[in-house]
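Working notes, beginning with the structure itself.
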Amino acid sequence: MSRFFSPKYRELTPYTPGEQPKEMQYIKLNTNESPFPPSERAIEEAARAAKRLQLYPDPECRELNASLAKVLGVLPDEILLTNGSDEILNFAFMAYCDENTPAAFADITYGFYPVFARLNCVPYTTVPLKEDFSIAVEDYFGLGSTIFIANPNAPTGLALTRSDIERILQANPDHVVVVDEAYVDFGAESCVPLIHKYDNLLVTQTFSKSRSMAGARLGFGVGCRELIADLNTVKYSTNPYNINSMTMAAGLGMLADEEQTKSRIKTIVENRAFTKAALEEMGFTVTDSRTNFLFAKHPNVDGEALYLGLKERGILVRHFSTPSIKDYNRITVGTREQMQAFLDGVRKILEEQT
Ligand code: PMP
């Protein structure tokens with residue numbers, strides 16, 4: 001740290017992203033990426049856009065916005081596209097939290113929320129999950145805070161129903177409730193249809209998971225016009241050109257291939273069921289994941305030992321050292337072959353234990 005670093009950031013512990021090894025020597029099941037490349041159309045559109053990189057991108061993302069609005073069944077001015085959904089989440093902390101309006105989120109959830117809170121000098125409280133990692137909806141009633149809920153939650157994979165989220169919205173009419181739907185396409189109910197009913201609802205989603213575009217950085221928020229106007233004020237005060245031309249073009253290409261996206265989601269959901277059943281047969285406890293990852297622990301193998309044993313065998317999964325979840329590993333669901341290799345690795349590690 002230099003002596004010039006602002007005191008307000010000296011205690012800041014940044015978010016730690018999952019490992020991104022340079023060589024592809026690993027079967028990568030650690031950062032919930034899609035195992036499938038973007039669609040051909042998306043790749044072609046991005047290549048075409050590369051030829052016009054001397055120009056700034058359209059700051060309003062008009063074409064992509066209109067296309068996404070059609071897919072989601074909302075109006076273009078009810079959407080704001082961002083550089084990954086991390087950016088819209090940060091914008092929400094900037095726009096809806098301050099010293100008088102703290103943030104609140106689960107004690108086990110996406111690790112970036114506390115980082116965004118500290119970055120923006122926003123006080124926050126954490127709400128404990130129940131023993132089984134589920135969310136007690138009533139704990140979020142009348143909190144007097146801006147609420148952030150990952151639904152499905154990460155890394156637990158568990159989802160609330162839309163009607164549960166609705167109860168939270170109704171119990172906090174004077175506070176924004178941000179529903180982070182990064183993984184919603186893999187089997188949870190989206191709250192996007194509720195944006196016309198609740199002016200305090202902001203839904204965030206991403207092209208990083210079900211739409212195979214983690215490397216392009218494309219996310220978005222959906223909410224009533226007034227919320228989107230606030231977030232645009234923050235965007236235009238931060239980085240008006242937050243979506244680069246190639247990403248915008250790739251996003252449009254992906255949206256033209258929604259059928260392919262749906263069929264890939266189906267494959268991931270099938271592979272998730274296959275892997276969960278195999279893990280349970282080996283004695284693992286596996287949560288009821290509605291995402292593209294599994295969250296699992298075994299009574300005889302330490303969570304970190306399993307992570308390290310798999311890494312030695314060329315398979316990367318994600319282990320968190322947080323005490324309440326240190327027995328678990330989070331395993332991204334990939335292709336059937338990847339999951340087979342993962343299961344073979346796990347089987348060998350278990351055999352070595354006995
Ligand atoms: N929310 C959750 C719950 C996540 O796990 C992630 C991915 N790490 C994100 C948001 C952000 O994803 P992205 O910025 O790639 O859209």
Side-chain angles (χ1 to χ4, degrees), residues 14-20 28-35 38 61 64 68 79-94 103 105-117 119 126 129 133 135 147-160 165 177-188 190-192 202-222 231 235 238-239 242-244 247-248 250-251 254 261 268 287 289-295 316-320 322 325 328-333:
Y15 177 70
T16 316
E19 299 162 79
Q20 292 291 354
K28 225 180 142 297
L29 306 177
N30 67 330
T31 46
N32 302 338
E33 291 140 329
S34 170
C61 305
L64 178 56
L68 184 58
I79 298 176
L80 176 63
L81 285 147
T82 52
N83 193 307
S85 55
D86 281 339
E87 188 175 54
I88 190 86
L89 289 166
N90 189 30
F91 286 176
F93 274 90
M94 291 166 87
F105 38 83
D107 61 343
I108 301 168
T109 188
Y110 186 31
F112 224 140
Y113 301 158
V115 179
F116 285 139
L119 175 72
T126 56
L129 294 182
F133 296 137
I135 284 176
I147 294 171
F148 292 80
I149 296 186
N151 194 48
N153 197 10
T156 64
L158 301 181
L160 290 175
I165 301 269
V177 177
V178 179
V179 183
D180 173 354
E181 296 189 347
Y183 300 102
V184 76
D185 295 337
F186 299 100
S190 174
C191 287
V192 167
L202 179 71
V203 179
T204 66
Q205 289 191 13
T206 180
F207 279 60
S208 296
K209 316 292 176 185
S210 58
R211 294 200 172 90
S212 298
M213 279 182 45
R217 315 302 303 126
L218 186 60
F220 57 92
V222 196
L231 295 160
K235 163 188 148 151
T238 314
N239 181 9
N242 60 338
I243 314 290
N244 73 71
T247 293
M248 228 183 277
M254 266 327 277
T261 296
I268 295 293
T287 61
S289 171
R290 300 306 169 101
T291 66
N292 67 338
F293 57 82
L294 289 163
F295 194 54
L316 269 190
V317 298
R318 186 93 196 250
H319 177 258
F320 299 90
T322 314
I325 54 171
Y328 284 78
N329 276 288
R330 191 194 69 190
I331 306 120
T332 303
V333 178

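Each ligand, and each atom within it, is numbered from 1 in the order the structure gives.
Heavy atoms of Y183 approach ligand 1 to within less than 4.0 angstrom.
Looking at every heavy atom in both residues, L129 comes nearest to F133 through CD1-O, 3.4 Å. What you find for P152 and Y183 is that their closest heavy atoms are CD-C, 3.8 Å. Nearest heavy-atom pair, S208 versus R217, reported as atom, atom and distance to 0.1 Å: OG-NH1, 3.5 Å.
Nearest to atom 14 (O) of ligand 1 by heavy-atom distance, out of E87, K209, R217, E33, is R217.
A perpendicular orientation is assigned to the rings of Y113 and Y110, their planes being inclined by more than 60° (bins at 30° and 60°).
Of the protein's non-hydrogen atoms, the one nearest atom 1 (N) of ligand 1 is D180 OD2, 2.6 Å. Counting only heavy atoms of the protein, atom 11 (C) of ligand 1 lies nearest to D86 OD1, 3.1 Å. S85 OG, 3.4 Å is the protein heavy atom nearest to atom 12 (O) of ligand 1. Of all protein heavy atoms, the one lying nearest to atom 8 (N) of ligand 1 is Y110 OH, 3.3 Å. For atom 15 (O) of ligand 1, the closest non-hydrogen atom of the protein is S208 OG, 2.6 Å.
With sequence neighbours left out, A250 forms a side chain to side chain contact (heavy atoms under 4.5 Å, CB included) with A42, A46, M213. Listed by chain and number, the residues in a salt bridge (charged side-chain N to carboxylate O under 4.0 Å, His left out) with R318 amount to none (sequence neighbours excluded).
Counting the atoms of ligand 1 from 1 in the order shown, those under 4.0 Å from a heavy atom of G84 are 14 (O), 16 (O).
Residue contacts with ligand 1 for A182 involve side-chain atoms from C-beta outward but no N, CA, C or O (heavy atoms, distance under 4.0 Å).
The line from CG of N242 to CZ of F91 is 5.5 Å long, rounded to the nearest 0.5 Å.
Below 3.5 Å of separation, one finds an N or O of T206 facing an N or O of ligand 1.
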